[in-house]
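Shown next, in structure tokens, is the structure this report addresses.
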Amino acid sequence: MKPAAFDYARPDNLAAALQLLRQGDDTKILAGGQSLVPMMNTRLVRPARIVDINRLTELDYIADRGDHIAVGALARHAAVKASPLMAQHFPIICEAYDWVAHSAVRNRGTLCGNLCHADPASEMPAIMLTLGATMVLANATTERTVSAGEFFVGLYETVTEADEILKEVRLPKPAAGTGWGFEEVSMRKGDFAWATVVATLRITGGAITAPAIALAGVGDHATRLAEAEAALTGKTPSDALFAEVANRAAAAIDPPTAAAVDATYRRDLVATLLPRVLRAATNRAS
């Protein structure tokens with residue numbers, strides 16, 4: 001199929017792009033287009049206008065800002081995956097990218113576009129939640145910052161307003177001694193996840209501190225597991241503890257059923273993957 005008719009604009013700078021968004025039409029931003037274009041071709045979405053931001057080289061960066069790494073709106077997945085800054089501070093992101101689509105998609109798609117698309121089975125929203133990322137949203141007159149926990153609100157839904165662009169993602173550098181773990185199951189590597197489990201933690205005096213756990217593929221958007229994190233905090237890491245926390249977490253979620261995988265299997269995946277992730281994070285922290 002072909003998309004429905006639409007107007008097309010290709011501004012040369014961010015200010016011009018934001019002015020176009022300000023006009024209030026049914027507008028979509030085109031960066032990599034790896035999600036938007038297929039949805040337009042199948043007419044799942046019918047924007048009145050496309051604002052192509054690929055000339056905005058000012059948004060193509062991965063920068064060290066002291067206490068955080070900033071990723072601009074035009075930074076491609078492949079660039080993020082290959083970045084020495086990511087390898088140094090966020091190896092979990094580099095690891096997860098092996099599961100994100102395929103090289104052709106990663107070469108064009110952008111991290112910020114992926115986050116705005118907010119697919120419930122996408123890996124990056126869960127990782128942003130775990131890492132405590134901050135989203136920088138800009139319109140023609142102002143900017144605001146939103147935590148990852150506030151950004152994702154529903155199925156393909158974020159708090160981004162119609163006149164805003166996700167200009168930048170800020171990733172706080174993890175404290176020394178932070179361990180991490182990532183596990184995913186899908187039909188084939190690169191397919192949408194049936195379940196993704198992500199965790200970071202530290203070990204202080206033999207006890208777990210600052211645990212952060214997030215899931216994707218088991219709800220209408222990626223979510224943090226606050227109760228599981230509380231159950232781990234201050235405890236001595238052990239297989240028995242991890243299994244208990246994982247079983248409680250699996251029982252608490254309400255995953256969808258699809259043709260290829262039902263809700264029961266997704267719960268089993270969480271119960272199986274979460275202990276693995278916590279063990280990996282503990283080993284790396286230790």
Are L137 and V153 linked, directly or through intermediate hydrophobic residues, by side-chain heavy-atom contacts shorter than 4.5 Å (ILVMFWY only)? yes
4.5 Å side-chain heavy-atom contact, P174 and F90: yes
With a 6.0 Å cut-off (strictly less than), is the heavy-atom count around CG of D254, excluding the residue itself, greater than 12? no
Got a second to check how far E183's CD is from L278's CG, nearest 0.5 Å? 10.5 Å
Take M135 and T145, measure what side chain to side chain contact (heavy atoms under 4.5 Å, CB included) needs, and give me the verdict at the end. CA-CA 6 Å; M135 315 300 181; T145 57; over 6 Å; no
E123 versus Y97, side-chain donor and acceptor atoms under 3.5 Å: no
Considering only NZ, NE, NH1 and NH2 on the basic side and carboxylate oxygens on the acidic side, decide whether K81 and D98 come within less than 4.0 Å. yes
Please evaluate residues S35 and D119 with respect to the criterion side chain to side chain donor-acceptor pair (under 3.5 Å), reporting the C-alpha separation (whole Å), side-chain torsions for both, the decisive distance (0.1 Å), and the verdict. CA-CA 9 Å; S35 298; D119 191 294; over 6 Å; no
Electrostatic pair K235:E244 at N-O distance under 4.0 angstrom: no
Given 3.5 Å as the limit, does a donor-acceptor pair link the side chain of R106 with the main chain of R76, or not? no
Test item: S122 side-chain N/O and P125 main-chain N/O as donor-acceptor pair under 3.5 Å: no
For R248, is there an ion pair with E227 - N to carboxylate O distance below 4.0 angstrom? no
For the residue pair L59 and L14, establish whether any side-chain heavy-atom pair is separated by less than 4.5 Å. yes
Could you tell me whether R279 and D239 make a salt bridge, using a distance below 4.0 angstrom between a side-chain N and a carboxylate O? yes
Please check if I127 and L215 belong to a single hydrophobic cluster, counting links between Ile, Leu, Val, Met, Phe, Trp and Tyr side chain heavy atoms closer than 4.5 Å. no
Report yes or no: does R224 contribute a side-chain atom to a donor-acceptor pair with the main-chain N or O of L129 at less than 3.5 Å? yes
Carefully, step by step, assess T160 and V146 under the rule side chain to side chain contact (heavy atoms under 4.5 Å, CB included). CA-CA 10 Å; T160 310; V146 178; over 6 Å; no
Nearest 0.5 angstrom please: T57 OG1 to L74 CG, how far? 8.5 Å
Would you check if E229 and V245 make a side-chain contact, meaning some heavy-atom pair closer than 4.5 Å? no
State whether the side chain of E58 and the backbone N or O of L56 hold a donor-acceptor pair below 3.5 Å, judged by distance alone. no
With side chain to side chain contact (heavy atoms under 4.5 Å, CB included) as the criterion, how do R266 and V261 come out once you've worked through the C-alpha distance, each side chain's angles and the decisive distance to 0.1 Å? CA-CA 7 Å; R266 291 183 200 264; V261 54; 3.3 Å; yes
Using every non-hydrogen atom in the two residues, find where P91 and W180 come nearest and quote the distance to one decimal. CG-NE1, 3.3 Å
Distance-only side-chain donor-acceptor flag, H117 / Y156, under 3.5 Å: no
V51, Y8: one ILVMFWY side-chain cluster at the under-4.5 Å cut-off? no
Say whether Y265 and L273 are linked into one hydrophobic cluster, either directly or through other cluster members, by side-chain heavy-atom distances under 4.5 angstrom. yes
Heavy-atom check, side chain of N114 versus side chain of H77, under 4.5 Å: yes
Which heavy atom of A246 sits nearest to which heavy atom of V270, and what is that distance? CB-O, 4.3 Å
Report yes if some heavy atom in the side chain of I62 is under 4.5 Å from a heavy atom in the side chain of V80; otherwise report no. yes
Cluster link V169 to V159, ILVMFWY, side chain under 4.5 Å: yes
Which atom of A199 lies closest to which atom of V277, heavy atoms considered: CB-CG1, 3.3 Å
Would you give the length of the straight line joining atom CD1 of I253 to atom OG1 of T223, rounded to the nearest 0.5 angstrom? 8.0 Å
Can you name the closest pair of heavy atoms from I69 and K173 and give their distance? CD1-CE, 3.8 Å
Test item: side-chain donor near acceptor, D262 and T264, under 3.5 Å: no
Is the backbone of S103 close enough, under 3.5 Å, to the side chain of N107 for a donor and an acceptor to pair up by distance? yes
Do any N or O atoms from the side chain of S238 and from the backbone of L241 form a donor-acceptor pair under 3.5 angstrom? yes
Between E164 and R144, does a salt bridge (Lys or Arg N to Asp or Glu O under 4.0 Å) hold up when you go through it step by step? CA-CA 10 Å; E164 290 181 320; R144 63 184 176 120; 2.7 Å; yes
Write down the atom of C116, the atom of L166, and the distance for their closest heavy-atom approach. SG-CB, 3.5 Å
Measuring from atom NZ of K28 to atom CE of M39, what distance do you get when rounded to the nearest 0.5 angstrom? 7.5 Å
Do N139 and R22 make a side-chain contact, defined as non-hydrogen atoms from C-beta onward lying under 4.5 Å apart? no
What do the steps show when you test L201 against I203 for side chain to side chain contact (heavy atoms under 4.5 Å, CB included), and what is the final call? CA-CA 7 Å; L201 55 79; I203 304 295; 3.9 Å; yes
Side-chain contact, heavy-atom cut-off 4.5 Å: T200 with I213? no
Heavy-atom side-chain contact between W99 and E184 under 4.5 Å: yes
Derivation and outcome, salt bridge (Lys or Arg N to Asp or Glu O under 4.0 Å), residues E168 and R65: CA-CA 12 Å; E168 178 179 285; R65 300 269 180 80; 3.1 Å; yes
Could you measure the distance from the OG atom of S83 to the NE2 atom of H89? Nearest 0.5 Å is fine. 9.0 Å
Answer yes or no: is there a donor N or O on one side and an acceptor on the other, between the side chain of D220 and the main chain of G154, under 3.5 Å? no
When you check the gap from the basic side-chain N to the acidic O, do R55 and D12 get nearer than 4.0 Å? yes
Got more than 12 heavy atoms from elsewhere within 6.0 Å of CD, Q23? yes
Look only at the side chain of R46 and the backbone of A5, and say whether a donor-acceptor pair between them is shorter than 3.5 Å. no
Nearest heavy atoms of A263 and T257, plus distance in Å: N-OG1, 3.0 Å
Enter the distance from L171:CG to H68:NE2 here, rounded to the nearest 0.5 Å. 8.5 Å
Taking E150 for its side chain and S147 for its backbone only, find out whether a donor-acceptor pair lies under 3.5 Å. yes
